[in-house]
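Reviewing the structure listed below.
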There are 2 protein chains.
Amino acid sequence: MDDGQIPSSSQSPWLPFESRRRARDEKREAVLRTAVALFLEQGYHGATLNEVARRLNITKPALYNYFRGKDEILYECWSIGNELVDDCIAETSVSTGSGLSKLRKLIVRYAELMTEDYGKSLVRFDLRDLSEDNRKIVQTAKRRIDRAFRDYIAQGVEDGSVKPCDAKLAAFAIAGSLNWIGHWFQPGGEMTGRAVAEEFAIRLTEGIATTATRKTAQKAAVPAAEKADKPPRNGNAPREDESEHHTRAAARAAGQSKRARGRLR
Amino acid sequence: MDDGQIPSSSQSPWLPFESRRRARDEKREAVLRTAVALFLEQGYHGATLNEVARRLNITKPALYNYFRGKDEILYECWSIGNELVDDCIAETSVSTGSGLSKLRKLIVRYAELMTEDYGKSLVRFDLRDLSEDNRKIVQTAKRRIDRAFRDYIAQGVEDGSVKPCDAKLAAFAIAGSLNWIGHWFQPGGEMTGRAVAEEFAIRLTEGIATTATRKTAQKAAVPAAEKADKPPRNGNAPREDESEHHTRAAARAAGQSKRARGRLR
DNA sequence: ACTATTTATTACCCGTGGGTAATATACGGG
DNA sequence: CCCGTATATTACCCACGGGTAATAAATAGT
């Protein structure tokens, strides 16, 4: 079935027996990358710290140099995902355009996140496995995400780009579809994450949008704004907006001083 | 915090110390009712068999008279939920009407299921906690459910009641919204399960429907069928169709002879 | 009433895996 | 070159909870 000799998978900073002198934070992140993948693969309870360590060519106790325990690793995985979502929200909220326009942008970004490991961790991990404190943080953040969807919808209703509807339920419906992506999507399938995201942005808004979605027929019903809403559905353009996907996440990658960092001796 | 003396919760056939002479199957089901509630409340791994037993006024080993082990209990919970879904599908598939009409019916039924314990078990439990064999059964059944959604959509596209679209993605989007209900809904909130279900049936189909949804304007575009599609949105009528929610489930309640029944000595 | 069968209880086992203590090795600075 | 610190390893602990064996209590049949 399985025996030793990991094929030096992905890229572990601990090459079997050579120079293991990388920066601390790089190792920390490597642990998280491995952990989130394993947690998704086997489930939090099915995955063992021994296996996480094994995949990194180290042993379990070494992990405790970087984390207080298993549940903290889980929390940190979730936390990274949350920072990515925050970036999505921040990006979309500063963008100009109607409520519908912002909603669509958020859907695309969020959907694509759900096709990646850290995004999935937001919806596949069980809050009850976290410590009391961390659980509260997560719950608060979840409400923030929900609020973003709801706000854009309400905003759209006001500016006329979205049909009048119950913002709360509409947000649940949309977020549900998107979150579910994290359960079924796996890379290597017929569609790329980006493609799924764009398709969902259309599908999930065409029910509540006042304007026609597909291409023509911008029937002149929108009172204000609605500028660069959507370049009319280019098949596979080289994503024009790779500018800076990481606002807060980039900060974390560089600075990274806050947040517990392993056993405090 | 908590101490002994369970307040004889719900209705346990094992009243603390009196007549415990119920039929075997009734006890079996009582175990499942308690187990599914506890699993949802604390998560499968967080819940212990000791606690399940405690809530039933018995002790852990007694459970092994009815089930082979914890994972079998999990499977049986899931299995009941699956039978309920099968009923939904069976009901809707024999109903007359357009593809859209069937789709809406299925959505309503399925959504309401997601507000109940056994329905939630379909989407909140982790397949990886099941035995190899049972996991295969579940996966097969899941595909069947997905197929039902997809078929109705495809059917609707053909008969003109649904706009042309990718049936697979549309089904994922709809099922995602519905499955997510099982994660956020809890009874006692502002809306009843039924209300949520009806609202979702509208919301999730108005994007892909060719006919106007709300009330008037049946613009004459549907080529065939489309009979008793929907009584125009009665606020809280006493659900006209309580006829027989349980086809297969009813059979199980009465006959119930198949399926492993505890330790075979 | 006596016995066979079912169903429950008490007492126990033990594998698993998170977590820790003691210790060794590598690294960087004076 | 030596020492302090950071980082890793080996060896271990032990709580938890699923599962079992032995046994007792209840039930049904004749």
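Both backbone and side-chain heavy atoms feed into the values below; hydrogens, waters and symmetry mates do not.
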Check: A:Y66 main-chain N/O paired with A:R24 side-chain donor or acceptor under 3.5 Å: no

Side-chain donor or acceptor of B:R150 paired with backbone N/O of B:A171 under 3.5 Å: no

Gap between atoms [atom1] and [atom2], on [X] and [N] respectively (whole Å):
X: A:H45; N: C:dG17; atom1: NE2; atom2: C1'; result: 12 Å
X: A:F67; N: D:dA6; atom1: CZ; atom2: P; result: 18 Å
X: A:Y64; N: D:dT7; atom1: OH; atom2: P; result: 17 Å
X: B:R54; N: D:dG17; atom1: CZ; atom2: C1'; result: 16 Å
X: A:N50; N: D:dT10; atom1: CG; atom2: P; result: 12 Å
X: B:E51; N: D:dG18; atom1: CD; atom2: P; result: 11 Å
X: B:D25; N: C:dT7; atom1: CG; atom2: P; result: 10 Å
X: B:L63; N: D:dT20; atom1: CG; atom2: P; result: 13 Å

Electrostatic pair B:R144-B:D86, nearest N-O below 4.0 angstrom: yes

For [N], does OP1 or OP2 lie under 4.0 Å from any side-chain N or O of [X]?
X: B:T59; N: C:dT9; answer: yes
X: A:R24; N: D:dA6; answer: no
X: A:T48; N: C:dG17; answer: no
X: A:Y44; N: C:dG18; answer: no

Closest listed nucleotide, where the reference is the side chain of [X] and the choices are [options]:
X: B:P61; options: D:dT20, D:dG18, C:dG18; result: D:dT20
X: A:N65; options: D:dT7, D:dA21, D:dG19; result: D:dT7
X: B:K70; options: D:dG19, D:dT7, C:dG17; result: D:dG19
X: A:I58; options: C:dT9, C:dT20, D:dT9; result: D:dT9

Pair A:L130-A:F125, side chain to side chain contact (heavy atoms under 4.5 Å, CB included): steps then yes or no: CA-CA 9 Å; A:L130 296 172; A:F125 294 161; over 6 Å; no

B:K70 to B:Y44 six-membered ring, cation-pi geometry met (6.0 Å, 45°): yes

Touch class at under 4.0 angstrom, heavy-atom based, for B:A47 against every strand present: sugar-phosphate

A:K60 (side chain) and C:dG17 (base): donor-acceptor pair under 3.5 Å: no

